Amino acid sequence: MTLHEAERTIEALIFAADEPLSAGRLAEILGMDPKSIPALVERIQRRHQDGALMVREVGGGYQLVTKPEYAPWIEKLGRPVVHAPLSQASTETLAIIAYRQPVTKAEIEEIRGVRCDSAINNLLERELICELGRKDGPGRPILYGVTEKFLVHFGLKGLEDLPPLSIT
Amino acid sequence: MTLHEAERTIEALIFAADEPLSAGRLAEILGMDPKSIPALVERIQRRHQDGALMVREVGGGYQLVTKPEYAPWIEKLGRPVVHAPLSQASTETLAIIAYRQPVTKAEIEEIRGVRCDSAINNLLERELICELGRKDGPGRPILYGVTEKFLVHFGLKGLEDLPPLSIT
Amino acid sequence: MDYVVKLEAYEGPFDLLLDLIEQNEVDILDIPIAVITEQYLEYLHTLQEQDLAIGGEFLVMAATLIRIKAKMLLPPEEVEAEEPEEEDPRERLVEQLLRYKAYKEAAARLTERYHGALGYYTRGGRQSQAVRIPIFTNVVGDLTVKDLAAVFAQLMKDLHAEPPHQTIIQRVSVAQRLAEIRVCLVGRSRLTFAELLQERTRAEVVVTFLAILELIRLREIRVRQTSTFGYIEILPDYV
């Protein structure tokens, strides 16, 4: 086996392995001297200089991983991207929470006359509202309020910045 | 984001994803036009020409895999075989479903001349086929079709990638 | 007896017949029905002698073969009198055999692909994370505080209005909903039914459901539910 072939085979092995592979293990599989492994890994590293992957030495072994700067992108994997703006139901629920916070789900539902579970979940996922604690009294219901992110999105310094209402 | 950055990000994403990523999904994550993805993937492919890895187009998406010539080496790692072999009965049933979908059990049994219950159950368990709904008509029988996993396991880009049938 | 009886199970009567046709090196379009029937029955006898179970479909086929053989032995005039349309009693069987043969061959090619695909190894050590929180690209849309104030004012007005506010059913057509679902599916490998029903009125749920049925009929989507009461997944169809 040429050094060129050995280098590629190491790349394939550390890519496919479930755990980091030590120089000893690689040498054993390839039938080579363990001392020659680090230089070959160095060559793989150089070949990937211009790409998104790198060889990481961890726990006495080598592993192929993505370079750290790609972490924010990889975090998005598995997370569905939702382009939809707020629905009417969510908008109403958000308005009530903004003007009435801290407020319970039951109180919101009384105003809207319909259930708000999915609207609340949606607003929580969008991080526009958050739980503020629990109300004293029967069932100790959760109290909701708007978040810092809500203020930022609407360009408000604080809740006192909300336009005053003509009726209350 | 420059094309160069986009190319690297795609590399990182298809490396890190658990499943093949479609051009649509990549475009969604990157906020790009899906039409620009294939050319970028082609650039990644070229960059890996000299290495042990390659981009494989499978099941409607892209996946980073080792080139087949390294399979004998990777087998030495003792990584468990991903998928157990399929029986003749299951493969025949799968072939009929792949070429005829959506198709009912009765239609499959008519072609094979034998009952297919256990083959169908086996394929459902392995998630190579799924139920597609029910056919109109007496008894409203279940319709079966193949899954994305089927495409991935058989290295098919899509159903149009199936080898042609000698008769129809 | 110049053919070999395979004792391992055949995939069915078609499989057995194809093997006999191949071993006898005869034309599938012109099957020597007497010879093949004899060998077929002989095979079943061998199984019986070995005390092996014979599937019902093998027996049905035996009956079919015997019937075809009998028909072919009848003088042509008599056949014509009985069933004038039928040209060759073997025709239907040949069609079935050819069709089965095509799929059997397709299965063999698929098996090759299956083994071929095994040579490509994906990254090792993958454990999927179960985080499924969506990324919202459009958190509030073009909504402003003024809109919020107006919405809240309207709600308060409705609350105190006499008589209590009427429900206004939004009229959404199936065609419109269908178009919306298509848009939702762009670039997605799956969508859940629940996602489509978020914040929907009863009428809209019905319209959404009808639109989904229509998309299934058009074969644009497939729907799957892996467990009872589980998520209903909507997947774009590949066809």
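These values consider heavy atoms only, across backbone and side chains, with no hydrogens, waters or symmetry-generated copies. So that the names make sense, note that chain A is the first sequence line, chain B the second, and so on, each numbered from 1. Nothing here was measured: the structure is a model prediction, and the numbers come from that model.
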For this session: Evaluate the side-chain contact (heavy atoms from CB on, under 4.5 Å) criterion for residues B/Leu143 and C/Arg222: first the C-alpha distance (whole Å), next the side-chain angles of each, then the deciding distance (0.1 Å), finally the verdict.
Result: CA-CA 11 Å; B/Leu143 289 163; C/Arg222 293 183 286 120; over 6 Å; no

Exercise. Looking at C/Tyr120, does the NZ or CZ of B/Arg56 lie under 6.0 angstrom from its six-membered ring centre and within 45 degrees of the ring axis?
Worked result: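 Cation-pi check for B/Arg56 and C/Tyr120: passes.
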
Problem set entry | Heavy-atom pair count under 4.5 Å with chain C, highest-scoring of B/Cys130, B/Ala89, B/Gly145 |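 Option with the top pair count is B/Ala89.
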
For this session: Kindly compute the distance separating OG (B/Ser166) from CZ (C/Arg99), expressed to the nearest 0.5 Å.
Result: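 It comes to 12.5 Å.
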
Exercise. At their closest point, which heavy atom of C/Gly119 faces which heavy atom of B/Ala71, and how far apart are they?
Worked result: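 Distance-wise, the nearest heavy atoms are O-CB, 3.7 Å.
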
For this session: Please look at B/Pro102 and chain C and tell me whether the side chain, the backbone, both or neither of the residue comes under 4.5 angstrom of a heavy atom of that chain.
Result: both

Problem set entry | B/Glu92 portion near chain C, given a 4.5 angstrom heavy-atom threshold | both

Exercise. Measuring from C/Tyr121:OH to B/Leu53:CG, what's the distance to the nearest 0.5 Å?
Worked result: 14.5 Å

Exercise. More than 12 non-hydrogen atoms from neighbouring residues, nucleotides or ligands closer than 6.0 Å to CD on C/Glu22, yes or no?
Worked result: no

For this session: Please look at C/Glu105 and chain B and tell me whether the side chain, the backbone, both or neither of the residue comes under 4.5 angstrom of a heavy atom of that chain.
Result: side chain

Exercise. For chain C, which residues from residues 103-122 of chain B lie under 4.5 Å away (heavy-atom distances)?
Worked result: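 Near chain C, by residue number: B/Glu110, B/Ile111, B/Arg112, B/Gly113, B/Val114, B/Arg115.
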
For this session: Please check if atom CG in C/Asp142 has more than 12 non-hydrogen atoms from other residues, nucleotides or ligands closer than 6.0 Å.
Result: no

For this session: Counting only heavy atoms closer than 4.5 Å, note whether C/Leu110 contacts chain B via side chain, backbone, both or neither.
Result: both

Problem set entry | Main-chain N/O of B/Leu132 paired with C/Arg224 side-chain donor or acceptor, under 3.5 Å |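 No; judged by distance alone, with no hydrogens or angles, the pair does not exist.
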
Problem set entry | Part of B/Leu162 lying under 4.5 Å from any heavy atom of chain C | side chain

Problem set entry | Validation row: B/Asp18, C/Thr122 side chains within 4.5 angstrom (heavy atoms) | no

Seminar exercise, completed: Of all heavy-atom pairs linking C/Arg109 and B/Pro163, the shortest is NE-CB, 3.6 Å

Problem set entry | 4.5 Å side-chain heavy-atom contact, C/Arg123 and B/Leu64 |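 Sidechains of B/Leu64 and C/Arg123: no contact.
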
For this session: Sort B/Ala27 into side chain, backbone, both or neither according to what part of it lies under 4.5 angstrom from a heavy atom of chain C.
Result: neither

For this session: Could you pull out the closest heavy-atom pair between B/Leu165 and C/Ala106, with the gap in Å?
Result: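 Residues B/Leu165 and C/Ala106, closest heavy atoms: CD1-CB, 3.6 Å.
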
Exercise. Is B/His153 close to C/Arg113 at the side-chain level, that is, under 4.5 Å between some pair of heavy atoms?
Worked result: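 Sidechains of B/His153 and C/Arg113: no contact.
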
For this session: Could you tell me which of C/Gly56, C/Gly12, C/Ala107 has the largest number of non-hydrogen atom pairs under 4.5 Å with chain B?
Result: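 Most heavy-atom pairs within the cutoff with chain B belong to C/Ala107.
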
For this session: Look at the aromatic rings of C/Tyr103 and B/Tyr99 and report parallel, tilted or perpendicular, splitting at 30° and 60°.
Result: perpendicular

